[in-house]
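Read through the structure below, which is laid out as structure tokens, and then see the notes.
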Amino acid sequence: MEQEVQIDLEGEIRRFPRGVRAVDLPDRDPEAVAAWIDGQVVDLKRPITKDGALQWLTFDDSSGRLVFRHSSAHLLAQAVKRLWPEAKLGTGPALDDGFYYDIWLPSPLSEADLARIEAEMRRIAAENLSIERLELTREEANQIFSERGEEFKLQIVERIPDGAVISAYRQGDFVDLCAGPHLPATGLIGAVKLTNVSGAYWRGDEKNPMMTRIYGTSFPTEDALNQHLERVEEAKQRDHRKLGPQLDLFSFKEEAPGFTFWHPKGYQLYRTLEEFSRRLQQERGYQEVSTPWIYRAGLWQRSGHWDHYRDNMFLVEREDEVLGVKPMNCPGHALLFKGDIRSYRDLPMRLAEYGPLSRFERSGTLHGLLRVRGFHQDDAHLFVREDQINQEMFGVLDLMDVVYRAFGLPYEVVFSTRPDDYMGDLALWDKAEAELEQVLRDRGLKYQINPKDGAFYGPKLDIAAIDSLGRRWQLATIQLDFQLPENLDLHYVDSEGQLRRPVMIHRAIMGSLERFIGILVEHYGGAFPLWLAPVQARIIPITDQQTSYAEEIRRKLIRHGIRAEVDSRNQKMGYKIREAQLEKIPRMLVVGGRDQENHTVSVRTREQGDLGAKPWPDYLHQLVEEAEMPLA
RNA sequence: GCUGGCGUAGCUCAGCUGGUAGAGCAACGGUUUCGUAAACCGUAGGUCGUCGGUUCAAAUCCGACCGCUAGCUCCA
């Protein structure tokens with residue numbers, strides 16, 4: 001057996017004694033936190049026994065960062081164990097921008113405790129304890145963790161299959177069961193911050209004990225940590241729950257948890273979106289309807305909602321009868337479809353509705369506009385012949401593309417296929433799935449497949465949009481449904497005079513308008529593009545000599561469909577500009593004596609500032625053009 | 001729903017270990033009539049989330065409830 005290994009270090013092949021550790025190699029990157037050796041992230045202290053290429057991983061590599069954060073989680077656990085020896089450790093993984101550890105504690109933690117733990121973590125980091133990997137037999141592992149009273153760790157050991165390596169990492173007197181890899185020593189963790197505490201069930205199961213989950217983040221230096229904290233603060237400023245009330249768009253009141261109060265400006269925004277959707281859909285042959293929002297339980301029983309969705313419905317009881325408030329429009333649209341004899345020539349029939357929907361969401365899950373109990377969708381149901389599925393799906397995907405491009409939202413498609421508990425005819429499923437894939441290919445869309453994640457009534461496409469902060473939001477959903485037409489006995493007459501079953505396509509593009517607005521507020525940071533802005537132009541007279549001229553301009557703008565208002569308050573121009581800017585109004589039209597005389601407006605835009613005086617009627621027409629909806 | 005945290009004027013927040021509330025901004029009134037991000041003076045505004053308890057005395061301590069929030073769970 002050879003006594004040496006060949007290691008490819010940045011293209012240079014060098015020989016070292018077998019079992020050499022990366023940490024001992026010459027020219028080691030001083031910032032390295034781990035190494036990448038032949039496709040595997042390993043500890044710097046792991047003996048190298050095979051030839052291969054080695055790359056240093058630092059905090060700037062995502063896999064290096066995960067190692068760093070994972071070791072930070074151990075640091076947290078060690079600190080907690082020092083302060084509360086009776087604490088029992090659960091699991092503590094690294095996250096994208098930090099880490100957490102689930103720990104069972106005898107009593108709840110307070111904010112002050114977090115500071116204490118943080119201080120202890122800094123102390124341990126300063127001690128610069130060496131982190132060592134141990135490989136254990138099952139017996140050794142059981143012994144170590146039962147001695148320490150780590151019952152949760154014992155449960156994890158139990159689940160490790162025979163033959164797998166059981167490893168643990170030791171730093172000082174602290175040992176944690178862990179696959180690794182880890183930093184070579186605690187001293188590399190230069191800055192830590194514990195951010196919040198919450199509860200989490202052991203293994204995520206409500207029946208298991210509740211652990212305390214402590215979240216934190218860590219960086220090599222204080223500077224990097226501070227930068228990160230600033231970014232978090234910025235994201236917080238963009239939070240729709242903060243911006244919404246600040247921009248006077250909407251509010252929530254404790255008298256109606258989960259339902260939105262739309263203020264005038266927010267409702268304007270809402271109506272603009274609805275109108276945008278309406279116009280796009282009208283062009284594409286959709287017909288808008290309005291259907292009842294409360295139905296007798298019998299309908300929900302026939303539609304299948306009673307069995308599958310009742311817990312999420314608001315139910316009312318009157319005259320010894322139970323009625324359900326609709327959580328979705330499909331049964332209503334199906335009833336409307338069924339109300340007449342339909343010919344194959346009537347199909348596809350595309351019914352759209354923006355009416356109110358309500359779903360009972362558990363109190364703990366409500367979250368601003370993103371998770372509400374009362375909402376409205378840009379909803380539609382297409383009743384189609386089997387031979388029209390392809391063409392209609394194509395049309396829906398086309399519409400979706402127009403909508404998302406209008407908001408500058410790139411998107412990803414996930415195709416969910418037949419689940420195990422599917423209903424209906426297997427051959428029809430196969431055919432539908434094949435057609436959906438064909439449509440995706442026809443449109444040249446890249447997509448991921450989520451096997452067995454479809455609805456029980458049909459396969460579906462879920463579309464996730466990526467916002468300006470890089471976050472993914474599941475928005476549109478397009479679902480084929482073979483089941484509801486069956487359950488509600490829908491049919492049409494084909495060219496031979498035979499009764500046939502239509503297929504239903506459920507689809508929403510923006511999804512819930514409430515949720516979509518919440519996302520848009522954060523996507524734009526409240527600075528909506530001109531066509532969406534609730535107030536598009538604010539007219540700012542410099543002195544009260546110009547109020548009538550300002551008023552005349554406002555009337556013209558309004559007549560041309562521009563949402564404009566005059567700030568006639570007794571304040572200096574600079575003050576009014578500042579307020580308009582803070583309210584993120586896209587255009588400010590300053591009118592002073594000179595403007596009145598020359599028949600101009602002095603234009604200031606939210607982004608570019610002062611553009612100087614523009615001849616008046618000309619600017620009106622320019623603005624009208626700039627404010628057009630992006631319909632194509 | 002479960003576990004933690006939070007709840008003081010419209011908003012942002014102060015109010016130490018109990019002695020019945022304070023600032024800035026906003027609002028309102030007046031003065032000022034002003035050219036691209038905050039003029040000046042004044043006034044008013046709160047049963048401290050709700051209910052109950054401890055206490056001579058509760059924004060402050062305790063309990064329950066409501067709401068929000070971080071998560072967990074759920075999600076046709």
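In what follows, chains are A, B, ... by sequence order, proteins preceding strands, each numbered from 1.
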Exercise for review: Establish, with yes or no, whether the OP1 or OP2 oxygen of B/G71 is under 4.0 angstrom from a side-chain nitrogen or oxygen of A/H367.
Suggested key: no

Exercise for review: State whether A/R569 places a side-chain N or O below 4.0 Å from either non-bridging phosphate oxygen (OP1 or OP2) of B/A26.
Suggested key: no

[N] and [M]: how far apart are their [atom1] atoms, nearest whole angstrom?
| N | M | atom1 | value |
| --- | --- | --- | --- |
| B/U43 | B/G7 | P | 31 Å |
| B/G18 | B/A58 | C1' | 6 Å |
| B/G67 | B/A21 | C1' | 24 Å |
| B/A9 | B/C28 | C1' | 15 Å |
| B/G53 | B/C13 | C1' | 30 Å |
| B/U60 | B/G45 | C1' | 23 Å |

Separation of [N] [atom2] from [X] [atom1] (nearest whole Å):
| X | N | atom1 | atom2 | value |
| --- | --- | --- | --- | --- |
| A/L95 | B/G71 | CG | P | 10 Å |
| A/E255 | B/G49 | CD | C1' | 10 Å |
| A/L369 | B/U69 | CG | P | 11 Å |
| A/Y215 | B/U3 | OH | P | 17 Å |
| A/L366 | B/A70 | CG | P | 11 Å |
| A/R606 | B/U36 | CZ | C1' | 17 Å |

Who does [N] pair with, Watson-Crick or G-U, both distances under 3.5 Å?
| N | result |
| --- | --- |
| B/C2 | B/G71 |
| B/G42 | B/C28 |
| B/A14 | none |
| B/C61 | B/G53 |

Review point. Is any side-chain N of the basic residue among A/R554 and A/E551 closer than 4.0 Å to the acidic one's carboxylate O?
Key: yes

Check your understanding: So does A/R538 pair up with A/E579, basic N to acidic O under 4.0 Å?
Key -> no

Of the options [options], whose atoms approach the side-chain atoms of [X] most closely?
| X | options | answer |
| --- | --- | --- |
| A/R371 | B/C34, B/U36, B/C74 | B/C74 |
| A/R578 | B/A37, B/A26, B/G71 | B/A37 |
| A/R594 | B/G35, B/G71, B/A38 | B/G35 |
| A/D610 | B/A39, B/G67, B/U36 | B/U36 |
| A/P257 | B/A39, B/C68, B/G71 | B/C68 |
| A/D544 | B/G35, B/U33, B/G71 | B/U33 |
| A/S602 | B/C34, B/G35, B/A37 | B/G35 |
| A/T365 | B/C72, B/A37, B/G71 | B/C72 |
| A/Y575 | B/U36, B/A39, B/G35 | B/A39 |
| A/M573 | B/C75, B/A70, B/G35 | B/G35 |

Practice item. For this output row, return yes or no: ring centroids of A/H70 and A/F99 closer than 6.0 angstrom. Key: no

Exercise for review: Decide if the gap between the ring center of A/F152 and the ring center of A/W104 is smaller than 6.0 angstrom.
Suggested key: no

Review point. Does A/G574 or A/F252 map to a spot on RNA chain B nearer the 5' end, using the closest nucleotide for each?
Key: A/G574

Point to revise | RNA chain B: 5'-proximal contact among A/Y309 and A/L611 (nearest heavy atom) | key: A/L611

So what does [X] hit on the nucleic acid, given a heavy-atom distance under 4.0 Å: a base, only sugar-phosphate, or nothing?
| X | answer |
| --- | --- |
| A/G609 | nothing |
| A/L582 | base |
| A/D481 | nothing |
| A/Q479 | nothing |
| A/G368 | sugar-phosphate |

Review point. Out of curiosity, A/F516 CZ to A/S277 OG, how far, rounded to the nearest 0.5 Å?
Key: 10.0 Å

Review point. Could you give the distance from OG1 (A/T417) to CG (A/N450), rounded to the nearest 0.5 Å?
Key: 8.0 Å

Point to revise | Plane angle bin for A/H240 and A/F250 - parallel if under 30°, tilted between 30 and 60°, otherwise perpendicular | key: tilted

**Study point:** Distance-only donor-acceptor test, A/R362 side-chain atoms vs B/U73 base atoms, 3.5 Å
**Key:** yes

Point to revise | Quiz item: A/D595 side-chain donor-acceptor pair to B/G35 base, under 3.5 Å | key: yes

Review point. Is A/D481 reaching over with its side chain to a backbone N or O of A/G458, donor-acceptor style, under 3.5 angstrom?
Key: no

